[in-house]
Every structure is written in structure tokens, then in C-alpha cells.
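The next block holds one structure in the form of C-alpha cells; read it before the comments.
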Amino acid sequence: MANPILVTGAAGRVGAVGRTVTELLLKQGKPVRAMVRTEDERAQALRDMGAEVVVGNLLDLDSMHRVIAGCDTMYFSMSISDAYLAATVNTAAVAKYHGVKAFINMSQMTISQMSITETTPSPQHKLQWLSEQVLNWSGLPVVHVRPTVFLEGFFLTLTPDSVRQSNEIRLPFGEGKTSPVAAEDTARVVATLLENPQSHIGKIYHLTGPQSENMDFYAQEYSKALGRTITYRDIPVEPWRDGLLKRGLPIHLVNHLVAMADLHRAGRFDRMSDDVLTLTGQGPLSVQEFVRKNAATFTASAKSAGVSATK
């Protein structure tokens, strides 16, 4: 029997790239080892799909040996965290020890605009840039996947309340354009790379949605999807930041989100790529399609959406 493909972060909630990757690979008949942080109902759901479920911690050396041993191909992803770099180094060291032949790394697109002399105010961006450097230095057979902002992040997590309550999208994006990508499209790319990784080793793929537009345009897309008029209200960054802190979000995550908002205002998220279509043969989901699929979340009767990390 073939060695299992390792998928870290397999028990994610909103976004759920790892969980979707696991499902896609299993449907292709591939054996999958799904790494989770805790044994809970999400772990059991993965087991019910047919995955081999292992409990591990990216920061724990012993558990990562148990997780990686016997896997030739792996997908590495971690939520936004101030321990991101340490987790990457720990995982890379163990992967190299066990002779992993393909290491698919989930990064994010702002890295393409960074260098040894250029950074952003986001502490997470700096950690992810350093993590890419470490992986490149490691000599591991790495493929970097760099999605732009996830639809499930800013759009599904941070806009439903105001859309439900006042038919407004309230974000501090100014007139900046953006091209959000769905987690399901990102997962399709990752699954494609994991199924046959060797021709992709050493490459970098940038993932965006099908269009880059400002928030006034996307408000019209919300309107078409929901059948009622939705408008965009540009709001100041600082009160928005205070609101995120009041919701109990970790300061590291809030600082990252605020930096992303500033970069949006500066036009730094005006990006386009056809890598999703090229790699999978299927174009990425549009904002209108995404909102239509999640219409219940944007209606007055819907419960508040949960909060998730964004890229």
C-alpha cells in the first residue's frame, strides 16, 4: 500500500483548507494521514471519511516524528500565530530527517512583495516571509502556495453582521482593489499538487479569485447574490481595530488584520493570477457565487459567523 499523504491542520473550521484537501484526496483513493491538535468530533469526522487521524503539535518534536514518519508527501499549514516560525522550523527539521520527498507549504501572496529590505507592519507577514526563507535554505523539496486574502476570512467572517443589520459592508479598505480567493479553490490546488508533486518542486503558485475590484463593486455583487441592495461603507481603521479586540481576538491576529486593511487601502491587494485555473482546470469562485452559496449567513435570521484566521 502507498505511503499516506500527510495533511496538517486537517480539522480547521472556517476556511477548512486542510479538511477539504483531506476529503479531495480520499475521493481520489489516496491514503491520507490527517493531523489534528485534539481528539474531538472534527477528528472523528475525518476518521469517518477514511483518513488515518493522528494527534500532534507542530511545536512538539516527539509528536511531529510520530506524525511525519512514513509519509513521503506532506502539506504544511498553520493558523496565524506568533509561534508560526518556530512551528515551521520544527516541522521542516523533522521532515528533512525522515526524507520527505515533497513539502507543500501554505504561505500567502504578500510574501511576493517582501524581501530582506522590504516588509509590512504585520508581524505575521514577517514570520511567514522568514518561514519561506527557512524552507528554501533547508534543502527540502518545497512548493510554496501563496493565496491572497480568503473569502472566508474578511468576507465571511467580518462582513455578515453589518450586512444583516444594515445592508452595509463595513471595512477599512478605502478604494483599494482586491481579488479574494475561496478556501475550496485553494484546497483544490493543494490537492492537485499533493497527488503528483514532483513536477512542481521548487515552484511558487499565486492564487486569486477571478477579478480584482474595489469594495463598491463587490457590494453590487452582494446585492445580486442576496436580492437586496448592499452598499459599502469605508470606515476608519482604529475603531475597527478596537472592535476586533472587543470580540476577543488575539492581539497578534488583530495586528495582522489591521496591517492587511492598510495594505488594501494602499492598493497592495490589487493582484491577479490564473494559477487556480491552470493547475486545476476549473476557474475560481467569484464573490457573487460565494455570497450566494453562503446567503443564509448574510440574512437577518442567521447566527453570527465565527472568526477565523486570514492570509
Side-chain angles (χ1 to χ4, degrees), residues 3-26 30-71 73-98 100 103-108 123-124 127-128 130-131 134-135 140 145 147 150 152-153 156-157 183-184 186-187 190-191 194 247-257 305-311:
N3 290 344
I5 298 171
L6 173 61
V7 177
T8 68
R13 288 192 174 91
V14 177
V17 172
R19 185 178 64 206
T20 305
V21 167
T22 299
E23 184 175 6
L24 290 171
L25 290 173
L26 289 170
K30 304 290 186 182
V32 178
R33 180 178 295 171
M35 176 185 161
V36 299
R37 284 290 303 275
T38 57
E39 184 64 65
D40 57 16
E41 70 280 357
R42 293 175 297 161
Q44 186 57 47
L46 291 166
R47 197 172 282 115
D48 292 342
M49 286 184 202
E52 172 197 355
V53 176
V54 292
V55 178
N57 185 329
L58 294 170
L59 292 164
D60 180 71
L61 187 64
D62 289 339
S63 73
M64 290 313 294
H65 276 287
R66 294 195 306 272
V67 168
I68 294 175
C71 294
T73 304
M74 65 175 290
Y75 164 62
F76 173 75
S77 178
M78 183 181 183
S79 298
I80 292 169
S81 168
D82 57 7
Y84 192 95
L85 178 58
T88 303
V89 174
N90 191 60
T91 303
V94 178
K96 190 169 180 66
Y97 175 83
H98 287 284
V100 167
F103 190 107
I104 312 303
N105 174 50
M106 177 57 66
S107 186
Q108 50 84 39
Q124 182 67 23
L127 293 178
Q128 290 197 264
L130 288 170
S131 294
V134 167
L135 290 171
L140 280 165
V145 179
F150 281 130
E152 291 79 2
L156 190 60
T157 303
E184 65 183 80
T186 303
V190 171
L194 289 168
R247 293 175 65 168
L249 301 189
I251 187 66
H252 179 83
L253 172 57
V254 171
N255 287 340
H256 174 60
L257 294 175
V307 174
S308 166
T310 48
K311 293 287 181 184

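Sequential numbering from 1 along the given sequence is applied to the chain's residues.
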ask   = What distance separates T20 OG1 from L24 CG, expressed to the nearest 0.5 Å?
value = 6.5 Å
inquiry  = Once side chain to side chain donor-acceptor pair (under 3.5 Å) is applied, do any residues pair with T88, and if so which ones, sequence neighbours excluded?
reply    = S131
message = Looking at every non-hydrogen atom in both residues, tell me the closest pair between L85 and L127 and how far apart they are.
response = CB-CD2, 4.0 Å
inquiry  = Determine whether a donor-acceptor pair (N or O, by modelled atom type, separation under 3.5 Å) exists between the side chain of T73 and the backbone of V100.
reply    = no
task = Carefully, step by step, assess T91 and M74 under the rule side chain to side chain contact (heavy atoms under 4.5 Å, CB included).
result = CA-CA 11 Å; T91 303; M74 65 175 290; 3.7 Å; yes
ask   = Taking S63 for the side chain and N57 for the main chain, is one N or O donor matched with an acceptor at less than 3.5 Å?
value = yes
note = Heavy-atom closest pair (L46 atom, A34 atom, distance to 0.1 Å) is CD1-CB, 4.1 Å
task = Sequence neighbours left out, what passes side-chain contact (heavy atoms from CB on, under 4.5 Å) with L61? Give chain and number order.
result = H65, N90, V94
task = For residues V17 and A187, report the shortest heavy-atom separation together with the two atoms involved.
result = O-CB, 3.8 Å
Student check: side-chain heavy atoms of T186 and M106 closer than 4.5 Å = yes
task = Supply the atom-to-atom distance L194 CG to I5 CD1, rounded to the nearest 0.5 angstrom.
result = 5.5 Å
request  = Could you check if a side-chain atom of L249 sits within less than 4.5 angstrom of a side-chain atom of L257, using non-hydrogen atoms only?
outcome  = yes
request  = Nearest 0.5 Å please: distance from the CD1 atom of I68 over to the CE atom of M64.
outcome  = 4.0 Å
message = Listing request: all salt bridge (charged side-chain N to carboxylate O under 4.0 Å, His left out) pairs with a residue in residues 45-65, at least two apart in sequence or in separate chains.
response = R33-E52, E39-R47
Minimum side-chain heavy-atom gap I80-H252 below 4.5 Å = yes
ask   = How about L58 and F76: do any of their side-chain heavy atoms sit closer than 4.5 Å?
value = yes
ask   = What are the two closest non-hydrogen atoms of L59 and A87, and how far apart are they?
value = CD2-N, 3.5 Å
Considering all heavy atoms, the nearest L6-C71 contact = CB-SG, 3.8 Å
request  = Could you tell me the separation between the CZ atom of F150 and the CD atom of Q108, rounded to the nearest 0.5 Å?
outcome  = 9.5 Å
remark   = When every non-hydrogen atom of Q128 is compared with those of Y84, the smallest separation belongs to NE2-OH, 3.3 Å
Check: Q124 side chain, H256 main-chain N or O, donor-acceptor pair, under 3.5 Å = no
